[in-house]
Structures are given as C-alpha cells and as structure tokens.
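Remarks on the structure that follows.
Remember, predicted model here, so these are calculated numbers, not experimental data. Keep in mind that the numbers below use all heavy atoms, side chains included, and drop hydrogens, waters and symmetry copies.
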Amino acid sequence: MREYLTEHIKQALHKASIPASRAIKIEKPSDSRLGDFSTNIALVLAGECGMNPRQLAQKITENLSFSETTVSKTEIAGPGFINFYLEPAFIMKQVEQILTSSDRFGRGLAGEGKNAIVEYVSANPTGPLTIGRGRGGVLGDCIANILEAQGYTVTREYYFNDAGRQMSILSESVRLRYLELCGIAVEFPDTHYQGDYIREIAAAILEKHGEKLIDSDSPELFKQTAENHIFTHIKNTLHRLDITHDSYFNEHRLYQEDESGISPNQQVIDALHQKGFIDHYDGATWFMTTRLGQEKDKVLVKSSGEPSYRLPDIAYHVTKFERGFDEIVNIFGADHIDEYPDVIEALKILGYDAGRIRVAINQFVTTTVNGETVKMSTRKGNADLLDDLIDDVGADATRLFFIMRSKDSHLNFDIDLAKKQSKDNPVFYLQYAHARICSLLRIAENEADFSLEKGSADAHLMRKLTSAHEIQLGFTLLDYPDVIETCARILEPQKMVEYLHSVAELYHRFYQECPILKADPDIRTARLVLSLATRQVLRNGFRILGISAPKSM
RNA sequence: GUGCCCGUAGCUCAAUUGGAUAGAGCAUCAGCCUUCUAAGCUGAGGGUUACUGGUUCGAGUCCAGUCGGGCAUACCA
C-alpha cells in the first residue's frame with residue numbers, strides 16, 4: 001500500500017513539474033483521525049520550490065488521482081501534511097495475504113544471499129550464567145532471529161577463553177575446595193571464586209578420583225573438570241531459554257600458528273607494524289592509538305610476553321571478515337563499551353570495511369528484591385543466577401522481561417513482580433490473545449463447520465467487514481513486515497514486543513465488541529478469518545521473540 | 001578529570017530515529033460476565049519531557065552548557 005501511494009505521489013509531482021529531489025516517506029500518523037497514511041513531502045520540498053508547504057501540498061493533491069476502490073479521501077492538514085484515507089475493502093484485501101504467506105508472512109529480502117554472524121553470551125567458563133548475562137543472551141538470540149527473518153543466513157557464535165588468569169584462579173579455587181573436602185585445613189582467599197558450584201565440582205572430583213590428588217601439583221585435571229562441568233551447565237541454562245549456538249570459537253586458536261606458520265595474533269601485530277601503528281616501550285608492545293587522537297596507547301602484548309585481551313579481539317574479528325561474513329553483529333554488555341572502538345580502528349587500519357560491524361550494547365540489569373537493589377558479582381558468588389530466575393518465572397517471562405525494555409536503558413528486574421505469575425506479567429497478555437483465538441477456532445471447527453482450508457478459501461469475505469475495530473486490527477496486522485525491518489535496522493527486538501502488544505490489545509477489543517460465532521454466516525466466517533490472520537501474526541512474532549504460543553491457558 | 005549510556009505520569013517504561021493533541025502497563029477511582037476464555041473490555045484522574053539556551057516549517061528526539069544517576073577509564077577478560 002505504501003508503494004501504491006508512493007507511486008501515485010511520484011506521478012503527481014511529475015505532472016506538476018516538481019522535481020522529486022527527496023525520497024518520498026509514507027508514515028502512519030500517530031492519531032488515526034489524521035488518516036491511514038500521510039506524507040510530509042510538501043514540507044520537505046517547500047524550501048527548494050520556494051513555496052509555502054500548504055500551497056505546495058495543494059498543488060500536489062490537485063494532481064493526485066486514485067481509484068475509488070483504494071483511497072477514499074485525500075486532505076491537507078497541519079503545516080502541510082497530506083493525509084490519505086483508505087477504503088476498508090482495500091485494506092482487508094491486503095490482509096488476505098497474511099493467510100497465503102502464513103509462516104513466511106513478514107519475511108524480508110534485505111539479507112537475501114548474505115551471511116551474518118551474531119556473537120553473543122561469550123561468557124568464559126568460570127561460573128554459572130548470571131541474570132545480567134541472560135539479557136545479552138536473549139537480546140542476541142532475538143537479533144539473530146530477526147536477521148534470519150530478513151533473509152540472512154545467520155551463524156550464532158560463542159567466543160570464549162579457557163586460558164588466562166581467571167581460569168587459573170578457577171582451577172585453584174576447585175583444588176582448595178577439594179583439599180577441604182579431604183579434611184585438610186586451607187585458607188581460601190577472597191580473590192577466589194566463592195560460589196557453591198565450586199564445592200560441587202570438587203565433590204565430583206573427589207568421588208571420581210578419591211583422595212589421590214591431594215599431593216598433585218598439576219592444575220590441569222582441576223581445570224579441565226571445572227571447565228567441562230561449567231560449560232555443560234551454561235549450555236543447559238541457555239537451552240532452557242531456547243538459546244543455542246552454531247559455533248564455539250576458542251580464543252586459544254588465535255595463539256596457534258595457522259597454515260602460514262604465524263599465529264593470527266602475530267599476523268595482526270605484523271600488519272599494524274607495517275602501517276606504522278606499533279610501538280615498543282616499557283617492555284610491552286603497544287597499539288599507537290595516540291595517533292588516532294586518543295590519550296594513551298593500548299597494550300597489545302604485555303611485558304610478560306602474553307597478549308592482552310585486545311590483541312586476540314582484533315585477530316578474532318579479522319577471522320570474521322576472512323570467513324566471509326557480510327554483516328558482523330556483536331552483542332556486548334555495557335562493561336565492554338571501551339573495547340570495541342579500538343577493535344574497529346584496528347580493522348580499519350588493516351583495510352577491512354568496518355561499516356559491516358554493528359555493535360549492540362545492552363545496559364546493565366539491576367535486580368530488585370523486596371524493594372532492595374542487589375549488586376552482583378560473579379566472584380563473590382552472590383550474583384542472581386539465571387537458572388534461579390527461570391525456575392521462578394519460567395522461560396517465556398524471562399525472555400520477554402529482558403527485551404521488553406530498550407537495550408539502551410537500564411533494566412530493573414523486579415524479582416517479586418516477575419514471580420507473581422499473575423496478570424501483572426506482560427507475557428500473559430500476549431499469550432492470552434493467542435489462546436483465546438485458538439479456543440474460538442476450536443469451537444468454530446466443532447460446532448460451526450469451520451475449517452482452516454475453508455477459511456482460507458473464504459478470505460475474500462473479510463472485505464465485508466466494516467467496523468472500525470475490524471479495520472484497525474487488520475490494518476495493524478499489515479505493519480508486521482515493517483516492524484521486523486525496523487527491528488533489524490536498529491537491532492532492537494523491543495519494538496516487536498511493543499507491536500505485538502498493540503495487536504493483542506486490538507484483538508481483545510475486537511473480540512469484546514464484535515460477536516463472532518453468533519454473527520451471520522458470512523460475517524462469522526469473515527471474523528474467524530480475521531482471527532486466523534491475527535493468530536498468524538502473533539505466532540510469527542512469538543517465534544522471533546522465542547516465546548511459546550499456548551493453545552489454551 | 002575524560003569517554004559512552006540514561007533522566008518522560010506516584011512506579012516500570014514507550015513515543016514510527018526530526019512530525020501533528022507525548023502514550024501503555026502497574027497502582028487509584030467508576031462501570032461491563034444467564035451470551036465465543038473477565039489472564040479481558042470501557043471510562044476518569046494523573047505531565048513545565050531534569051534545567052538553560054540554540055538549530056528550523058516543526059524538538060522528548062539534533063547541538064552547546066548546567067545538574068543528577070549508571071558504566072568504563074588495567075601490562076584483568
């Protein structure tokens with residue numbers, strides 16, 4: 001319909017000899033009394049034409065001609081908006097498409113033939129996932145779904161490091177707990193991992209190996225056992241939220257020589273050196289970010305000879321380019337905010353198209369329990385665990401809570417509210433609409449000789465629907481493809497939540513105001529078909545968000 | 001100090017990325033079930049969009065400054 005209007009406006013501009021120097025934008029006014037669609041083209045072009053906007057709008061509308069079956073009225077309003085009022089039958093004719101497209105309704109072509117990589121979670125295996133990590137996980141998973149719906153071939157990747165200092169502390173923490181279990185008095189430092197899971201791993205080791213490891217000075221077994229144990233745990237937690245990765249990228253690979261005989265890390269240093277961005281002082285190797293206007297250089301290789309995290313990060317992103325991804329999406333928590341600009345600068349210097357990289361940063365989650373804000377720390381083991389949250393509120397609510405707020409805003413997760421399992425929980429409102437439709441269709445099939453096949457065949461009957469509730473619902477269903485497109489453009493699934501809420505709201509209102517099963521046969525069928533189309537949109541949207549679509553509640 | 005994010009109804013958050021009279025949920029108050037799921041619907045009250053300037057046809061949105069909150073400013077990842 002937008003294309004239809006755009007095309008006619010173009011023709012009108014041409015007829016009026018007005019150069020169409022700017023793109024024609026068709027918007028939906030916030031208030032439906034201002035038309036079904038509107039354009040600000042007269043406001044935008046007024047300056048160039050040397051006319052006042054309302055005059056220009058007048059000139060454009062004089063040259064517009066629509067068929068009576070499509071646009072019923074065109075008017076000029078406010079400072080020079082042109083508002084269009086559509087014929088209900090024209091709208092409902094489009095709604096029929098939803099049934100034909102079914103699961104594919106809303107799919108876009110923007111990513112057709114392109115590969116995208118979405119990196120998310122990427123927690124190192126040092127402990128169970130916390131609520132804070134959960135937000136990034138759900139956000140990343142939804143963004144991956146959205147890109148898939150736009151036609152991209154998506155790889156979901158988890159980047160992790162199982163070497164380094166944190167892992168040493170982990171294995172030492174397990175060893176000390178093991179010694180404790182063997183009855184040996186040890187001093188457990190504050191700097192070590194305090195969580196109960198450390199004891200559980202230690203107990204598992206004791207059970208399998210007995211006390212024969214007491215004198216072992218090799219941390220390897222402790223580390224391996226801890227890593228396997230924790231990684232399994234992390235994957236299980238993610239699985240409960242229906243999050244799975246296609247690929248796990250071990251940072252260690254970047255330290256090892258590849259076919260060329262040089263490690264990816266070293267290749268980055270060599271390449272940056274060639275461009276004149278490497279310096280050596282204080283025993284370390286530095287990325288000369290001062291040349292880019294920053295206050296300090298950044299360490300790439302520490303004086304100990306080990307790379308800092310920045311170097312493998314750059315090398316890792318080089319592999320994303322070398323692996324041929326057209327779109328590179330990273331999901332980070334706010335604490336990593338300082339990290340990626342350096343990576344991007346380095347990639348630019350190395351000649352990669354950094355425009356392909358998009359970073360979605362989610363702000364922190366604070367949890368409120370009994371009105372008190374809880375600070376979280378993985379190390380101290382007092383963090384709120386994602387698993388506990390899922391136990392409390394279920395996977396659907398967990399997912400929805402994480403994405404129902406803009407990722408740029410701090411998320412205040414009120415545990416008490418989420419635990420309520422009542423209508424306060426917004427996930428019920430959406431799912432209830434779906435369950436209601438399912439229930440209605442069940443009755444219709446049993447008692448009213450209605451079937452999905454027959455419904456699709458009779459979809460044209462929807463054009464008989466004329467009440468404002470019905471038209472508004474149908475018209476809103478047609479927004480779905482645009483909503484996905486918007487979500488993909490700004491990497492923000494929250495828009496989908498908001499949209500589905502409005503669909504559910506309009507359906508509930510329609511259901512309240514328009515009797516369905518008791519209506520005359522044609523109208524009854526038409527309303528059932530409209531319900532069917534609504535259910536399809538809800539289902540498609542739920543799939544993007546990763547929440548279930550219950551048939552009854 | 002510097003960089004990034006945030007500041008909107010009593011509370012939690014939206015606002016089609018610069019559009020028209022700033023909207024939802026919760027909470028409060030008043031209505032709607034002998035009728036397809038009341039986990040629903042209808043209505044009411046509630047706002048100087050932190051503050052001050054600026055940019056333009058038009059600003060919650062962009063720019064500058066001020067105030068307040070969060071995160072980051074490691075040879076930790």
May I ask you to say what [X] touches in the nucleic acid, namely base, sugar-phosphate or nothing, with a heavy-atom cut-off under 4.0 Å?
X: A:Ala433; result: nothing
X: A:Asn362; result: nothing
X: A:Pro79; result: base

Atom CG of A:Asp36 and atom P of B:rA20 are separated, to the nearest Å, by 17 Å

Roughly how many Å is it from CZ in A:Phe401 to C1' in B:rC26, rounded to a whole number?
11 Å

Test for a donor-acceptor pair under 3.5 Å between the base of [N] and the side chain of [X], counting only N and O atoms.
X: A:Tyr432; N: B:rA39; result: no
X: A:Ser303; N: B:rC75; result: yes
X: A:Ser38; N: B:rA20; result: yes
X: A:Asp335; N: B:rA77; result: no

Taking [M] as the reference, what is the distance to [N] when you measure between their [atom1] atoms (whole Å, please)?
N: B:rU21; M: B:rG25; atom1: P; value: 23 Å
N: B:rG60; M: B:rU8; atom1: P; value: 15 Å
N: B:rU61; M: B:rG53; atom1: P; value: 14 Å

Identify whether the glycosidic angle of B:rC33 places it syn (within 90° of 0) or anti.
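Glycosidic conformation of B:rC33: syn.
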
Could you list the residues that satisfy side-chain hydrogen bond (donor to acceptor under 3.5 Å, both in side chains) with A:His508, not counting sequence neighbours?
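Here the qualifying residues are A:Arg436.
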
For a quick check under 3.5 Å, do A:Tyr499 and A:Thr476 share a side-chain donor-acceptor pair by atom type?
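No pair is found: no donor N or O on one side chain lies under 3.5 Å from an acceptor on the other.
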
Let me have the donor-acceptor pairs involving side chains of residues 313-320 of chain A, under 3.5 Å, with sequence neighbours excluded, atom names and distances please.
from, atom 1, to, atom 2, distance (Å)
A:Tyr316, OH, A:Glu157, OE2, 2.7
A:His317, ND1, A:Asp313, O, 2.9
A:His317, NE2, A:Lys320, NZ, 3.4
A:His317, NE2, A:Asn330, ND2, 2.8
A:Thr319, OG1, A:Tyr316, O, 2.6
A:Thr319, OG1, A:Arg323, NH2, 3.3
A:Lys320, NZ, A:Glu119, OE1, 2.9
A:Lys320, NZ, A:Asn330, OD1, 2.8

Paired with B:rU55: which nucleotide, if any, by Watson-Crick or G-U wobble criteria at under 3.5 Å for both distances?
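With both distances under 3.5 Å required, B:rU55 matches none.
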
